[in-house]
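One structure is given here, and the rest of the page talks about it.
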Amino acid sequence: MRAVHPALLLLATYVAVYLECRVTFLRDLIGVQIDFLPAIVVYASLTSNLATVALLAFAGGVWFDSLSLNPTGVTVFPLLITGMVLLWFRDLILRDQPYARHILGFAASVAVPSLSLLLMLSLGAEPLLGVGTVWTLLVLGVAGAFITPLVFAVFDRVRLLFEFQPLEVPSFREDREIKRGRN
Amino acid sequence: MFKRPLYIFCALALLLVVVFLILQSTWGTRMKLTVGSLFLPLFGLSSTVETGLSKAADKVTPRDVLLKELEELRVANQKLRVLGQQAQEVFLENQRLRGMLDRQAQAPWRVKAARVVGRDPANWWRMIHIDVGARDGVTNNQPVITAEGYLVGRIGEVGHARAQVVLVGDPNCAVSVLVQESREHGVIAPATINPLDASIVELGYLSRNSILKPDQTVVTSGMGGIFPPGIPVGRIIDFQNIGHGLYTQARVKLAMTISKVEEVWVIQP
């Protein structure tokens, strides 16, 4: 059962990368392709261990780059760094609060492409950059802020289906009930 | 906070990535194609679903619509036949004249139809995936055009059943072009990123005395050895002198619209 959670996350990453390549109607509309990977990494880093985050960052990054003109492996670093930072400060983050999820989604969705671009530029690649990049990062951030709570909602629900839930013992005990009246 | 084996695991993962990045030119491409082939089942599945839906839609198309379309196609076919006969005459005349001038005849194009199955998921590249690959005789650097004959780009990396097309306007696809009316030569360079209109590119390396006008047609020049001459690329929107008036740069609106490209032709030698 412990392997189900990472496996589900990996499957979601695989499908997300494919959809980012295949479904382009939003890109045609607003000019930016929404990225689901930062949101999934945020979820993974707040709910699972380092091994899962590293595996997810590695697989997601390499899959993403294989369908892109990015140098292979360039997306792994930003995903892994984002995941590790969140994992490090996990105990300080109010992860159950919706606004925290929005902010984390926004920050991760801006940080991952920015770090990817920086890494590519330092490797000598020449991606298309300009004033439009700011718009791109802004849209990615806003989209990430909305997607991340959705990812939490969906995966929490899916987890309920596969994992044993703690047995909730009600505080009511029949033997300690106060009987009122004469009988 | 983390256990020691996990640190080692992460360090190994990072090391592997560094190795990928260092060996980019040799192993990177091969690795990319191998990993990319993991998505073939999903690409195949979506193609099957699309074909099924298309067939289902064909079955429910009303007879009136089909008859009307048939009539339109019949008229278009007749017009194209007349144009084809005229073109054949011009072709023969051209061959005769080339023979008289002792110039080498242009090789006719052999084309391979392909469907667009995806786009680059990153926002800073212009690339599409098509459903033909090495098994269909597609190789690197073959030119790709739309069904209407406009330039799309060139083949980048080729897998067994899939290939990447680097689009005009991407930093990895420079195209030598000429302005059809003034015969000025230049090179299409990528414009800065414009998410709301990806169809504008820059035409650079024009001489400072270039006679340019908006709406002039830009076609491939045939120089550079990748793109054959005469493929329409786009139209000039405006131009300006740059580099303290040393040379001219123009903005070109591409004839093809990336979002509307569904089928393409790969030109094979």
Side-chain angles (χ1 to χ4, degrees), chain A residues 14-15 17-25 27-33 35 49-51 53-55 57-58 61-77 80 84 87-88 90-91 113 116-117 119-120 123 125-133 135-137 139-140, chain B residues 1-3 5-7 9-10 12-14 16-21 23-24 27-39 42-43 46 116-129 156-157 164 166 169-172 190-198 257-260:
Chain A
Y14 175 71
V15 175
V17 171
Y18 171 74
L19 289 178
E20 283 175 34
C21 173
R22 191 72 180 88
V23 182
T24 58
F25 70 91
R27 186 182 206 159
D28 300 334
L29 202 68
I30 55 173
V32 180
Q33 180 62 51
D35 192 1
N49 53 18
L50 179 63
V53 173
L55 185 69
F58 187 77
V62 172
W63 284 338
F64 186 90
D65 294 338
S66 74
L67 295 180
S68 166
L69 285 179
N70 285 349
T72 312
V74 89
T75 315
V76 177
F77 268 119
L80 192 59
M84 284 181 76
L87 207 61
W88 192 265
R90 182 156 82 170
D91 296 336
S116 298
L117 282 171
L119 195 58
M120 266 189 286
L123 284 169
E126 293 174 353
L128 280 170
L129 293 174
V131 184
T133 311
W135 165 257
T136 305
L137 291 176
V139 173
L140 284 174
Chain B
M1 184 182 170
F2 303 134
K3 291 174 191 168
L6 290 178
Y7 276 123
F9 177 77
C10 281
L12 280 176
L14 283 173
L16 203 59
V17 173
V18 172
V19 170
F20 282 161
L21 293 173
L23 300 174
Q24 207 51 242
W27 288 89
T29 311
R30 215 173 289 171
M31 172 79 189
K32 199 176 247 196
L33 292 171
T34 311
V35 176
S37 63
L38 289 174
F39 290 94
L42 286 183
F43 279 116
S46 66
V116 177
V117 292
R119 274 173 75 179
D120 196 317
N123 287 295
W124 40 83
W125 304 113
R126 288 180 182 170
M127 185 268 281
I128 54 174
H129 296 269
E157 289 163 7
Q164 294 181 349
V166 186
D170 187 89
N172 298 305
T192 51
I193 190 166
N194 181 0
L196 299 177
D197 191 359
T257 312
I258 302 172
S259 56
K260 289 178 184 165

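Computation of the quantities below employed the complete heavy-atom set of this structure, encompassing side-chain atoms and omitting hydrogens, waters and symmetry-equivalent molecules.
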Which label fits Tyr14(A) and Trp63(A): parallel for a plane angle under 30°, tilted from 30 to 60°, or perpendicular past 60°? perpendicular
Donor-acceptor check, side chain of Asn123(B) to backbone of Gln33(A), threshold 3.5 angstrom: yes or no? yes
Hey, does the side chain of Thr136(A) reach the backbone of Gly132(A) with a donor-acceptor pair shorter than 3.5 angstrom? yes
At a heavy-atom separation under 4.5 Å, does Leu19(A) approach chain B through its side chain, its backbone, both, or neither? neither
Among Pro121(B), Ala122(B), Ser259(B), which residue has the highest count of heavy-atom pairs closer than 4.5 Å to chain A? Pro121(B)
Need one label for Phe58(A): side chain, backbone, both or neither, based on atoms under 4.5 Å from any heavy atom in chain B. side chain
Considering residues at least two apart in sequence or located in another chain, which fulfil the side-chain hydrogen bond (donor to acceptor under 3.5 Å, both in side chains) criterion with Asp65(A)? Asn70(A), Thr75(A)
Pro171(B) versus Leu128(A), closest heavy-atom pair with distance: CD-CG, 3.9 Å
Which bit of Val62(A) is near chain B, if near means a heavy-atom gap under 4.5 Å: side chain, backbone, both or neither? both
I'd like to know which of Lys260(B), Arg119(B), Glu157(B) tops the heavy-atom pair count under 4.5 Å against chain A. Arg119(B)
Go through the atoms of Leu69(A) and report whether side chain, backbone, both or neither lie under 4.5 Å from a heavy atom of chain B. both
